[in-house]
Amino acid sequence: MINITLPDGSVRPYPKGTSAMEIARSISEGLARNVLAAKVNGEVRDANRPIHSDAKLQLLTWNDKEGKSTFWHSSAHLMAEALEAIYPGIKLGIGPAVDNGFYYDVDPGGTQISSDDFKKIEDKMLELARQGNAYKRQEVSKADALKYFQGKGDEYKLELIDELEDGKITFYHQGNFTDLCKGPHIPDTAKIKAAKLMAVAGAYWRGDEKRQQLTRLYGITFPKQKELTEYLEMLEEAKKRDHRKLGQELELFMFSEKVGAGLPIWLPKGAALRSRLENFLKQEQILRGYTPVITPHIGKKELYVTSGHYEKYGKDSFQPIHTPREGEEFLLKPMNCPHHCEIFGHKPRSYKELPLRIAEFGTVYRYEQSGELHGLTRVRGFTQDDAHLFCTPDQVKGEFLSVLDLTRFVLKKLGFDSYTAQISLRDPNDKSKYIGSDENWEKAERAIIEAVAETGLETVTVPGEAAFYGPKLDFMVKDALGRSWQLGTIQVDYNLPDRFELEYIGADNQPHRPVMIHRAPFGSMERFIGVLIEHCNGKFPLWLAPEQYTILPISDKFNDYANEVQKKLATHDIRGIVDDRSESIGRKIRDAEMNKIPYMLIVGEKEAEVGAVGVRKQGEGDLGAKTVEEFVEWFKGLL
RNA sequence: GCCAAUGUAGCUCAGCUGGUAGAGCAGCUGAUUUGUAAUCAGCUGGUCGGGGGUUCGAAUCCCUCCAUUGGCUCCA
């Protein structure tokens, strides 16, 4: 007998070799029906695999993250089976579960798969699912595995098997389908009741753009049709929050083919929003000891040769600007740091000046690949809320911590409470992508890791995500559709000070090299606002809203009174306009609601007589009348 | 940059297998003067993304460029 410990702590004896599914059945038939996989001593496995020794067991269902991912991984196999049925000879790459469903990378040979084909693939999947075929695990030798896929002529699988260790290779079968797979899988295909292909895309084999491009098919499945319907509805809702759509509807920003792709143009309301955000941070930075500076949008090519940007990005950037003077070349600045290094170096510096914190909302230009452009979140011209802190080595930790505090303060103020803090380190396998000595890198990485550890901030560490001159702490936030974007960033840099030969005179009267911290709490105004729009669904915090209210006169007769009220509010720094169109009040309300104006102030005979406004809150409705004075008082309390 | 798709009036979209464009909203004009999510009527508005080609004839078919969308790769 073996002892099985369940999540509630209870221990039950079972015969040796009992499967998780059998255990589930012994608890309840209903539970067994819902079991998708099992976590045995922390390892996710097929529910029907026998358990041979004492174990901690957790039965996984649709409600568990691992249950879902097992379900989707099995669905990827089901899709592959359907694809083999429809496209004989199709070759298969890999087919994992992802956050929202699964994909399979396939090579359909000469034929093309487009979204027009989705329906028939979905139908085939459901047809196969209804057969209720069991997912069967089989251990195979490397030789047999190779033989099987040689017979199929699938070079992708052969490459994968080639890298596997003999004795640790498993196949999974369901119906007529066999795949190289370490599993685990759900018990059988009948659990898959709803299937939808979401997208088709090109994807490089093994993520390498120099290799074959496969066709990636994204899909999602559910144990109930209703859940698929709900999921699709949720996606529709999310699309309504898309900042590109809201930006157009609310007239925040635009793009113009004539101006150029990826070059956002801020319309009056967007500009108002943005400058309010900028002022908020500028003010905060003054309190925290930053000094504003201003630098030009271009700089001589030599500046970027010195910084290393030219070598790293020169050929993929906007190309140099030439002048009437032979050989003279300027670059649009891709970063502000080289200019700021020049500011540090323009006069002898004393240790007494450090830390020197210079800040600039600096607009930079990067020639992003055309396929990368995306609304405001990936653009070719954008403004960083940039600052560079030059400090002594023993000030690094303190400065880093204060920047971290500022960044978290900013995110909190804007209502971002779910973000991922990512420590982005150098790729240990390819140091050629980076400048500077190992020693400098180690110091910089250690500084970040230690400082972060001190704050207890929860982080994930990702090697290979560092900037070419230094490691970073990045703040990642998701957009409405779940895509992750880097907003704020803090970077510790021992390398640029070297390249610019920056020095300060220490207390010992000797020259020393400063350490530089690059930081941008918003990241870029464009991306931050893009994500902010989605985050608040266009309903900005009152202090940021381009228009905080609109006054809606019941009829033209009350326009004069409305204008009076507007003037009074303006003297209290409460901003808004009068909707003096000859429209019905219903119409004016509707338009203001659609424009997501936080407050509608309705004025008619009743209000004009007593100096009041009827207050209506966007999305909520009538709040009743207040005198203008009462409204001002009340409104200020909301800020 | 790569794969796939899309591009028709300011916006959202219709226009079947080729026979030289249509709706709603917006805009303009007029009427209406409205009490909490669209008042009514009339009118204007498009070299069908740009260029090239096939054809008697192209929004529709082909090529190419541009832009956009979803991924991949990239992201200082």
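We name chains A, B, ... by the order of the sequence lines, and we start the count at 1 in each one. We use all heavy atoms of the structure for the numbers below, so side chains are in, but hydrogens, waters and symmetry mates are not.
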**Study point:** Who pairs with rA9(B) - Watson-Crick or G-U, where each distance is under 3.5 Å
**Key:** none
Review point. So does Lys433(A) have more than 12 non-hydrogen atoms from other groups sitting under 6.0 Å from NZ?
Key: yes
**Study point:** NZ (Lys269(A)) with more than 12 external heavy atoms under 6.0 Å
**Key:** yes
Exercise for review: Using only heavy-atom distances, determine whether the side chains of Asn440(A) and Asn495(A) contain a donor-acceptor pair under 3.5 Å.
Suggested key: yes
**Study point:** Under 3.5 Å side-chain donor-acceptor pair for Gln112(A) and Ser114(A)
**Key:** no
Which part of the nucleic acid does [X] contact within heavy-atom distance under 4.0 Å: base, sugar-phosphate only, or nothing?
X         : value
Arg244(A) : sugar-phosphate
Ser115(A) : nothing
Gly207(A) : sugar-phosphate
Lys245(A) : nothing
Arg581(A) : nothing
Gly371(A) : base
Lys588(A) : nothing
Ala201(A) : base
Arg616(A) : base
Ser307(A) : nothing
Glu607(A) : base
Tyr103(A) : nothing
Gln486(A) : nothing
Phe255(A) : nothing

For the pair made of [atom1] in [X] and [atom2] in [N], what is the distance, rounded to whole Å?
X         : N       : atom1 : atom2 : value
Tyr367(A) : rC75(B) : OH    : C1'   : 15 Å
Gln248(A) : rC25(B) : CD    : P     : 19 Å
Leu373(A) : rG70(B) : CG    : C1'   : 14 Å
Ile554(A) : rU32(B) : CD1   : C1'   : 15 Å
Ile602(A) : rU34(B) : CD1   : P     : 16 Å
Asp579(A) : rU34(B) : CG    : C1'   : 13 Å

Of all the nucleotides listed ([options]), which has the minimum atom distance to the side chain of [X]?
X         : options                   : answer
Asp622(A) : rU32(B), rU36(B), rG35(B) : rU36(B)
Ile585(A) : rC72(B), rG35(B), rA5(B)  : rG35(B)
Arg378(A) : rG7(B), rC74(B), rU33(B)  : rC74(B)
Glu583(A) : rU39(B), rG70(B), rG71(B) : rU39(B)
Tyr218(A) : rG71(B), rA37(B), rU32(B) : rG71(B)
Arg587(A) : rU34(B), rU39(B), rG70(B) : rU39(B)
Arg483(A) : rG70(B), rC74(B), rU39(B) : rG70(B)

Study note, to complete from the structure: Heavy-atom contacts, protein to nucleotides 41-47 of chain B, under 4.0 Å, summarised as B (base), S (sugar-phosphate only) or - (none) per nt, yield -------
Check your understanding: Starting at the 5' end of RNA chain B and moving along, which residue's nearest nucleotide shows up first, Glu605(A) or Leu481(A)?
Key -> Glu605(A)
Check your understanding: Starting at the 5' end of RNA chain B and moving along, which residue's nearest nucleotide shows up first, Glu465(A) or Gly621(A)?
Key -> Gly621(A)
Practice item. Find out whether Ile551(A) and Tyr561(A) are in side-chain contact, i.e. whether some heavy atom of one side chain is under 4.5 Å from a heavy atom of the other. Key: no
Point to revise | Any Ile86(A) side-chain heavy atom under 4.5 Å of Asp117(A) side chain | key: no
Exercise for review: Taking the six-membered ring for Trp and the full ring for Phe, Tyr or His, determine whether the centres of Tyr469(A) and His518(A) are under 6.0 Å apart.
Suggested key: yes
Exercise for review: Write down the distance separating the C1' atoms in rA21(B) and rC2(B), rounded off to the nearest Å.
Suggested key: 36 Å
Review point. Mind checking the P distance from rC61(B) to rG70(B)? Whole angstroms is fine.
Key: 25 Å
Exercise for review: Report yes or no: is there a donor-acceptor pair, N or O only, under 3.5 Å between the side chain of Gln213(A) and the base of rC2(B)?
Suggested key: yes
Practice item. Sort out for me which residue in Asp479(A), Leu252(A), Asn537(A), Thr377(A) forms a side-chain contact (heavy atoms from CB on, under 4.5 Å) with His243(A). Key: Thr377(A)
Revision key, fill the gap. The single option from Tyr434(A), Phe468(A), Tyr304(A) that satisfies side-chain contact (heavy atoms from CB on, under 4.5 Å) with Lys312(A) is Phe468(A)
Does a nitrogen or oxygen in the side chain of [X] sit under 4.0 Å from OP1 or OP2 of [N]?
X         : N       : answer
Gln369(A) : rC75(B) : no
Gln618(A) : rA37(B) : no
Tyr204(A) : rC74(B) : no
His374(A) : rC75(B) : no
Ser370(A) : rG1(B)  : yes

Review point. Between residues 555-564 of chain A and RNA chain B, which residues have a heavy-atom gap below 4.0 Å?
Key: Ser555(A), Asp556(A), Lys557(A)
**Study point:** OH-CG distance between Tyr231(A) and Asn100(A), expressed to the nearest 0.5 angstrom
**Key:** 4.0 Å
Show every donor-acceptor pair shorter than 3.5 Å between a side-chain atom in residues 420-427 of chain A and any protein atom, with sequence neighbours excluded, or say none if there are none.
unit_1: Gln422(A); atom_1: NE2; unit_2: Ser424(A); atom_2: OG; d: 3.0
unit_1: Ser424(A); atom_1: OG; unit_2: Asp474(A); atom_2: OD2; d: 2.9
unit_1: Arg426(A); atom_1: NH1; unit_2: Asp438(A); atom_2: OD1; d: 3.2
unit_1: Arg426(A); atom_1: NH2; unit_2: Asp438(A); atom_2: OD1; d: 3.4
unit_1: Asp427(A); atom_1: OD1; unit_2: Asn429(A); atom_2: N; d: 2.9

Check your understanding: When the ring planes of Tyr367(A) and Phe318(A) are compared, do they come out parallel, tilted or perpendicular, using 30° and 60° as the limits?
Key -> perpendicular
Check your understanding: Only one of Thr363(A), Asp386(A), Thr383(A) clears side-chain hydrogen bond (donor to acceptor under 3.5 Å, both in side chains) with Asn336(A); which?
Key -> Asp386(A)
